[in-house]
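To keep things clear, I will list the structure first and then write my remarks on it.
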Amino acid sequence: MAVTQDQAPASGGHTFDSTSPATGELVGTFPLHGPAQVAEAVSRAREAAAWWAGLGFGGRRRRLLAFKALLAARSGELVDLVHRENGKPAADGFIEVLLAVEHLDWVARKAARVLRPRRAASTLVLANQAASVEYLPLGVVGVIGPWNYPVFTPSGAIASALAAGNAVVFKPSELTPAVGRFLADAFAEVVPEQPVLQVVTGDGATGDALCRAGVDKVSFTGSPATGRKVMAACAERLTPVVLELGGKDALVVDEDGDLDAAAEQAVWGAMANAGQTCLAIERAYVVDAAYDRFVGRVAELAARVRPGPGAEADIGPITLPAQLAVIRRHLEDAFRRGARAVVGGPDAVRPPYVDPVVLVDVPDDALVLREETFGPVLPVVRVRDADEAVRRANASPYGLGAAVFARRRADRIARALRSGMTSVNSVLVFAGMPSLPFGGVGESGFGRVHGPDGLREFSRSKAITRQRFPLPFSMLSFERPARLLPAVERAMKLRHARAPRR
Ligand code: NAD
């Protein structure tokens, strides 16, 4: 599919270029949309939202499944575009397209069941009332996306919002506008009637304009620093927000965990997509009894991970040039504090690539254990036991995902980890499970996409009571007899005033 700008509102002549981080080649030129163009897109979306909501669950399901089918059929084209614009190898691009397709399929099929009107229970006091709740679309949802998973990340919010009956105005990262354009063009092919999914392109100013454009909710995925700005901008109109922010995910390995599997998954979880994953394994806490074997195996596997531009490479370039300085700073800081590299070293940063690095003897206050590194760097920390691992993993303001390799204590550790999602005996799997909510705690944000929670996140609940028959006297009336409330009080005490025995 060609990268076109047919559907985008006019930009008044200002444009920006998107280029390959590996080769510098031009991928496309895009309009720099300002507040006026963003407002125009939102106003067009408002009309489209009414039409889209009017289709009902059945009509939307058919169209969303057609969108899914188109993305699956053209996955090769989309993966190639992701590779060119973001730099990641085709394998990483394919995995994110696959996940996006799976999530679309799930929300398209399940939205009716999750959001359909349902009866709610009544109480003794209100026994003459029937109660029901329904989940209505919000209207227009603004989605602001990052560059590191330009298909998977925004499509989670977009799919949930569309399936719940909203129109969407999507602002992709300025590093990956062509991928955003591809998604909107593909959608317009299967839903040509109305601009239900539009793309506005530009940088942070375009995102800020979308926050202030009177949309009914903003779903933001990006860094905690930008998340704060988004929330502040949205506060002006009391526009609700979902914030999917950064992470510093920990992996815990207990003594009875499968060490070979843990090492293999740790290396993939830390290094895939060159570590530029919100859910990347950025710290491993390994109990003393398993530590030496785990480090040995991790070193063996990580040393084989090849960065580069070609088809044979395991990881691509660092997409955001400024991130190279962050990675270098984290490594220098760690070495200054006495860390040792068992794979890679101080010269691992070779712009635009970073070679895999595995660190040991890293003190807790090192940047590489505290802040998001977003590079193929894995610090491994020796701990006495699983309790210490959990305590140190939880001593972070972030709380996105986590992973545990253990047997006996696996569930207990998984629950104790302060994160929105935890996988046992694997890494990152929860992101691909369409029936589960996705989101974090603390600096990793709040609100959920994916699954039933994601569908409700982009709906507003509406409660209705219906009086089935009148009672002889109503409490909610000035005409009630004087004896009514004392009688009700006696009944209340009979029913509620005794504490339960246990
Ligand atoms: P970023 O915060 O720099 O930018 C994200 C988006 O916000 C971009 O589209 C950008 O143009 C826009 N933006 C910038 N300033 C804005 C403003 N003032 N108002 C509105 N929008 C504005 O993040 P990034 O570098 O694109 O992405 C990397 C970050 O995203 C990492 O921290 C990563 O962990 C996080 N991330 C989180 C998830 C998740 O699901 N939790 C997924 C992927 C990435």
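Counting starts at 1 for both ligands and their atoms, in listed order. Numbering starts at 1 and runs along the sequence shown. As a basis for the values below, the full set of heavy atoms in this structure was taken, side chains included, without hydrogen atoms, waters or symmetry mates.
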Subject >> Ion pair E244/R448, N-O distance below 4.0 Å >> reply: no
Original post:
In terms of residue, atom name and distance, what is the protein heavy atom nearest to atom 17 (C) of ligand 1?
Top reply: G204 O, 3.6 Å
Original post:
Backbone or side chain, does any N or O of E174 fall under 3.5 Å from an N or O of ligand 1?
Top reply: yes
Subject >> Any N or O of S444 closer than 3.5 Å to N or O of ligand 1 >> reply: no
Original post:
Quick one: CZ on R84 to OG1 on T19, what's the gap to the nearest 0.5 Å?
Top reply: 12.0 Å
Original post:
How close does the nearest protein non-hydrogen atom get to atom 35 (C) of ligand 1, and which residue and atom is it?
Top reply: G222 O, 3.3 Å
Original post:
Given that the side chain starts at C-beta and the backbone is N, CA, C, O, which of these parts of F438 lies under 4.0 Å from ligand 1, counting heavy atoms, or is it both or neither?
Top reply: side chain
Original post:
Backbone, side chain, both or neither: what part of V230 comes under 4.0 angstrom of ligand 1, heavy atoms only?
Top reply: side chain
**OP:** Write out all pairs satisfying salt bridge (Lys or Arg N to Asp or Glu O under 4.0 Å) with one or both partners inside residues 220-243, taking only residues at least two apart or from two chains.
**Re:** R212-E236, R228-E443
Subject >> From CA spacing to verdict: side-chain contact (heavy atoms from CB on, under 4.5 Å), F220, M231 >> reply: CA-CA 9 Å; F220 170 81; M231 198 168 165; over 6 Å; no
**OP:** Quick one: look up the protein heavy atom nearest atom 9 (O) of ligand 1 and list residue, atom name and how far away it is.
**Re:** G145 O, 2.7 Å
Original post:
Identify the closest protein heavy atom to atom 22 (C) of ligand 1: which residue and atom is it, and at what distance?
Top reply: T226 CG2, 3.5 Å
**OP:** Do me a favour and list the nearest non-hydrogen protein atom to atom 27 (O) of ligand 1 with residue, atom name and distance?
**Re:** P146 CB, 3.3 Å
Subject >> Nearest non-hydrogen protein atom, atom 41 (N) of ligand 1 >> reply: L245 O, 2.7 Å
Subject >> Protein contact of atom 21 (N) of ligand 1 - nearest heavy atom, named by residue and atom, plus distance >> reply: G207 CA, 3.5 Å
Subject >> Centroid separation H450 to F152 less than 6.0 Å >> reply: yes
Subject >> side-chain hydrogen bond (donor to acceptor under 3.5 Å, both in side chains) against E457, all qualifying residues, sequence neighbours excluded >> reply: K217
Original post:
Nearest to atom 34 (O) of ligand 1 by heavy atom, E372, E244, R212, H450: which?
Top reply: E372
Subject >> Pair D365 + R337: basic N to acidic O under 4.0 Å >> reply: yes
